[in-house]
A.B. asks: 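Just dropping this structure here.
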Number of protein chains: 2
Amino acid sequence: MSNQAIIQHLESFIPLKGTEKALLEERLVSRPIKRKEKILIAGEVCKHYTFVAQGCFRMFGVDDKGFEHNIQFTAENEWIADIGSFHSQNQSQLNIEALEAGLVLQIKQQDLYFLYNTIPKLNLIFKVLIELKYIELQNRVLQNFSSTAEQRYLGFLEQYPHLSNRLPNTQIASYLGITPEFLSKVRKNIQSNR
Amino acid sequence: MSNQAIIQHLESFIPLKGTEKALLEERLVSRPIKRKEKILIAGEVCKHYTFVAQGCFRMFGVDDKGFEHNIQFTAENEWIADIGSFHSQNQSQLNIEALEAGLVLQIKQQDLYFLYNTIPKLNLIFKVLIELKYIELQNRVLQNFSSTAEQRYLGFLEQYPHLSNRLPNTQIASYLGITPEFLSKVRKNIQSNR
DNA sequence: ATCTACCCTTAACCTAGCTTAAGAAATCAG
DNA sequence: CTGATTTCTTAAGCTAGGTTAAGGGTAGAT
């Protein structure tokens, strides 16, 4: 059962009692996802905190010219949500789309709030989870300001080897903030310099 | 007493009992800060979670060419720390420097961990705090990818009016990821187009 | 009040990365 | 297995923003 993955994930931070696990599992909804299916569309409210049991997702925004910009990839055993929209219940500006077919476990906002109340240590776990993501994002901002596209690409390959084999370069380019054409040039350059 | 500011700040999320406030206050260390004083230097471990009671700070990294990149400003009633280094107790790559003379209230790592244990709802408060910062940072990444320097500058003025009057343009330029010379050009352009 | 250290601006020239276009290769859905 | 859709690459020309250099203005420390 795929609920096992989420329990194991959470218990890697703090052990949970049997009753706590039961409460949690009651509120998980598992959902198979097709390739290219969107689990959040800009303009909608983000209703779920989503745990990826299988598959790979991207979260992206669309600018005034219609260009898409990936702000995050999420694969197995990680969470994805537009946290701003999830908490405020305002319209999201972001989209979350499956890059592969997969399976997710979702918790609705009210259910997660109930769980925070009933199992206080979940606050600690989710605080740690978001701190880790905050650190990651902060490093990314710094990298973006202080390195060239080539350095950022090499950094990406190093930091996310499990993703770099799995994603089309066009998606990586969008994450790095460059065009696919330029990434192609960068890759050629790296090739010829070794 | 400046402890009042921090209590008020925390209670804007959830009320605290008298005993809880006392526990907290016992572990706060207040510290006056001079202009240009650094409360974190790259290479050191980030030992404190710092609440700004008065003044304005910047957190920045330095790249291989020696250029500084501001990743965050923090003024009154906000927290600042290199969260990565604070939790891991590894060397920080970042600096935190006062842009003005001011006053901070600091909590040491062990003390904050003690407080998280003793007053569990602090986990909730600090989870919310970091979620808010995460959202802010995520928006910034998106803005950086999808707008020109001019749009980002105008956005900054709008989003942080209290900071934009208070900071030298050279610091704002560094935050926006452009050179002061180019910001000057941008400002001239804005001027002449209205 | 003065000296010093920043800070802001201008301008000429330079470059990393974008745009457009188009063909070849790979992958997906039926 | 096959057609349709995506993806990757190349190349020529372009532009947002960087670099260097230099002068004048402003604010902090004593």
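In what follows, chains carry the letters A, B, and so on, assigned in the order in which the sequence lines appear, proteins first and then strands, with residues in each chain numbered from 1.
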A.B. asks: Mind checking the CG-CD spacing from A/L142 to B/Q72? Nearest 0.5 Å is all I need.
C.D. replies: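 CD of B/Q72 is found 12.0 Å from CG of A/L142.
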A.B. asks: In terms of relative ring orientation, are A/Y160 and A/F156 parallel, tilted or perpendicular, with 30° and 60° separating the classes?
C.D. replies: tilted
A.B. asks: Going by the salt bridge (Lys or Arg N to Asp or Glu O under 4.0 Å) test, name the single residue among B/K36, B/R35, B/K34, B/R166 that passes it with B/E100.
C.D. replies: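 For B/E100, the salt bridge (Lys or Arg N to Asp or Glu O under 4.0 Å) test succeeds with only one of B/K36, B/R35, B/K34, B/R166, which is B/R166.
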A.B. asks: Quickly work out the B/R187 CZ to C/dC7 P distance and round it to whole Å.
C.D. replies: 14 Å
A.B. asks: End-to-end bend of the helix from C/dA1-D/dT30 to C/dG30-D/dC1 (five-pair axes, 10° rounding)?
C.D. replies: 80°
A.B. asks: What's the closest nucleotide to the side chain of B/K185 if the choices are D/dG18, C/dA16, D/dA21?
C.D. replies: D/dG18
A.B. asks: Would you kindly give the NZ-to-P distance between B/K36 and C/dC7, to the nearest whole Å?
C.D. replies: 6 Å
A.B. asks: Between B/I125, B/N123, B/L122, which is the residue that forms a side-chain contact (heavy atoms from CB on, under 4.5 Å) with A/N123?
C.D. replies: B/N123
A.B. asks: Take a 6.0 Å sphere around CD of A/Q54 and say whether it holds more than 12 heavy atoms from other residues, nucleotides or ligands.
C.D. replies: no
A.B. asks: Measure from NZ or CZ of B/K127 to the centre of the six-membered ring of A/Y116, then state whether that distance is under 6.0 Å and the direction lies within 45° of the axis.
C.D. replies: yes
A.B. asks: Counting only N and O atoms by type, is there a donor-acceptor contact under 3.5 Å from the side chain of A/D82 to the main-chain atoms of A/C46?
C.D. replies: no
A.B. asks: Do any of residues 162-179 of chain B sit with a heavy atom less than 4.0 Å from DNA chain D, and if so which?
C.D. replies: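 Those residues are B/G177, B/I178, B/T179.
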A.B. asks: Report the nucleotide, chosen from C/dC28, C/dC6, D/dG18, that has the shortest atom-to-atom distance to any side-chain atom of A/R35.
C.D. replies: C/dC28
A.B. asks: What is the distance from CG of A/L183 to C1' of D/dT6, rounded to the nearest Å?
C.D. replies: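 One finds 16 Å between C1' of D/dT6 and CG of A/L183, rounded.
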A.B. asks: Heavy atoms from C-beta onward define the side chain here; which of D/dA21, C/dA21, C/dC18 lies closest to that of B/E181?
C.D. replies: D/dA21
A.B. asks: Please work out whether the ring planes of A/Y175 and A/F73 are parallel, tilted or perpendicular, with thresholds of 30° and 60°.
C.D. replies: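 Because their plane-to-plane angle is under 30°, the rings of A/Y175 and A/F73 count as parallel.
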A.B. asks: Would you mind reading off the distance between B/F182 atom CZ and C/dC14 atom C1', rounded to a whole angstrom?
C.D. replies: 14 Å
A.B. asks: Take atom CZ of B/F67 and atom C1' of D/dG18, then tell me their distance rounded to the nearest Å.
C.D. replies: 9 Å
A.B. asks: Specify the separation, in whole Å, of atom CD of B/E100 and atom P of D/dA29.
C.D. replies: 12 Å
A.B. asks: Could you go step by step and tell me if B/E20 and B/K121 meet the salt bridge (Lys or Arg N to Asp or Glu O under 4.0 Å) rule?
C.D. replies: CA-CA 10 Å; B/E20 292 170 338; B/K121 70 183 132 191; 3.2 Å; yes
A.B. asks: Return the value, rounded to whole Å, for the distance between atom CG of B/N189 and atom C1' of D/dG17.
C.D. replies: 12 Å
A.B. asks: Say you draw a straight line from OG1 of B/T170 to CD of B/E68; how long is it, rounded to the nearest 0.5 Å?
C.D. replies: 9.0 Å
A.B. asks: Which whole-number value in Å describes the distance from A/L99 CG to D/dT7 C1'?
C.D. replies: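 So the CG-C1' distance, A/L99 to D/dT7, works out to 14 Å.
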A.B. asks: Which residues within residues 142-153 of chain B lie with some heavy atom under 4.0 Å of an atom in DNA chain D?
C.D. replies: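 Within residues 142-153 of chain B, the residues near DNA chain D are B/T148, B/A149, B/R152.
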A.B. asks: Between A/W79 and A/Y49, what is the ring plane arrangement, given parallel below 30°, perpendicular above 60°, and tilted in between?
C.D. replies: tilted
